[in-house]
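On a predicted model such as this, the values are computed, not experimentally measured, just so you know. All residue numbers refer to positions in the sequence shown, counting from 1.
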Amino acid sequence: MALNKGLKEMGEAIGITCLTMYCARHSFGSIARNECRFSKYDVAFALNHIDPTTKTTDIYIKPDWRIIDDVQFKIVSLLNLRKGK
């Protein structure tokens with residue numbers, strides 16, 4: 001695939017030995033979900049996955065427990081606000 005050949009050449013030029021489309025898709029999926037906080041469904045759509053269960057997309061996203069921490073913090077904060085009413 002020409003795209004992989006070009007990525008490999010670019011990677012070698014910047015000191016990354018294994019830069020492929022597969023690596024780029026994994027990076028894209030993890031950055032979109034974990035850093036930009038897009039939903040898994042939005043990431044799946046951007047990666048052109050058609051699996052409605054997002055099982056394929058889960059392969060591309062590195063788990064980021066900060067998202068769970070944020071969810072739990074926001075729920076506890078909301079409950080504390082309601083308790084104070």
Side-chain angles (χ1 to χ4, degrees):
M1 172 182 230
L3 187 56
N4 273 334
K5 183 179 181 212
L7 284 170
K8 182 177 180 177
E9 290 173 3
M10 286 181 358
E12 288 172 353
I14 60 172
I16 300 173
T17 58
C18 178
L19 186 58
T20 63
M21 193 61 180
Y22 182 76
C23 295
R25 287 175 64 83
H26 276 271
S27 295
F28 176 89
S30 291
I31 291 167
R33 175 70 181 125
N34 298 332
E35 303 304 322
C36 299
R37 301 296 175 106
F38 286 105
S39 73
K40 285 198 308 184
Y41 297 101
D42 290 337
V43 175
F45 187 62
L47 289 170
N48 200 32
H49 293 162
I50 58 171
D51 175 17
T53 65
T54 69
K55 287 181 183 179
T56 303
T57 306
D58 288 339
I59 294 168
Y60 284 87
I61 299 172
K62 177 183 171 189
D64 184 352
W65 300 109
R66 294 175 301 168
I67 295 170
I68 293 170
D69 292 342
D70 289 347
V71 168
Q72 292 173 342
F73 178 79
K74 288 178 183 178
I75 295 296
V76 169
S77 295
L78 179 66
L79 292 174
N80 284 334
L81 282 174
R82 288 186 178 176
K83 182 180 174 184
K85 285 185 176 180

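Interatomic distance, Y22 OH to S27 OG, rounded to the nearest 0.5 Å: 11.0 Å. The CD1 atom of I61 sits 7.5 Å away from atom OG1 of T54, with the distance rounded to the nearest 0.5 Å. Of the inter-residue distances, the one linking T57 atom OG1 with L47 atom CG reads 6.0 Å to the nearest 0.5 angstrom. To the nearest 0.5 angstrom, K74 atom NZ is 12.0 Å from D69 atom CG.
Every pair passing side chain to side chain donor-acceptor pair (under 3.5 Å) that includes a residue from residues 37-46 is listed here, sequence neighbours excluded: R37-D70, S39-D42, K40-D58. The stretch residues 57-79 participates, sequence neighbours left out, in these ring pair (Phe, Tyr, Trp, His ring centres under 6.0 Å) pairs: H26-Y60, H49-Y60.
A single hydrophobic cluster is not seen to contain both I67 and V43; linkage of ILVMFWY side chains at heavy-atom distances under 4.5 Å, directly or through other members, places them apart. Both I59 and F38 are assigned to one and the same hydrophobic cluster, defined by single-linkage of ILVMFWY side chains at heavy-atom distances under 4.5 Å. Cluster membership for M21 and I16, using ILVMFWY side-chain heavy atoms within less than 4.5 angstrom, is shared.
Under a 4.5 Å side-chain heavy-atom criterion applied to ILVMFWY residues, the cluster that includes V71 comprises I75, L79 as well. The hydrophobic side chain of L78 is isolated, with no ILVMFWY side chain under 4.5 Å apart from it.
Contacts of T17 classified as side-chain hydrogen bond (donor to acceptor under 3.5 Å, both in side chains), with partners at least two apart in sequence or in another chain: none. Residues satisfying the side-chain hydrogen bond (donor to acceptor under 3.5 Å, both in side chains) criterion with E35, sequence neighbours excluded, are R66.
Of the possible polar contacts, none joining the T20 side chain to the N4 backbone as a donor-acceptor pair under 3.5 Å is found.
When all heavy atoms are compared, the tightest approach of C23 to C18 is SG-O, 3.3 Å. The minimum heavy-atom distance between A32 and C36, with the atom names listed, is O-CB, 3.4 Å.
K8 is not listed as a side-chain neighbour of L19, based on a closest heavy-atom distance of 4.5 Å or more. Side-chain contact between I14 and M10: absent, with no pair of heavy atoms (C-beta onward) separated by less than 4.5 Å.
More than 12 heavy atoms of other residues, nucleotides or ligands lie within 6.0 Å of CG in D51, so this atom counts as buried by the packing criterion.
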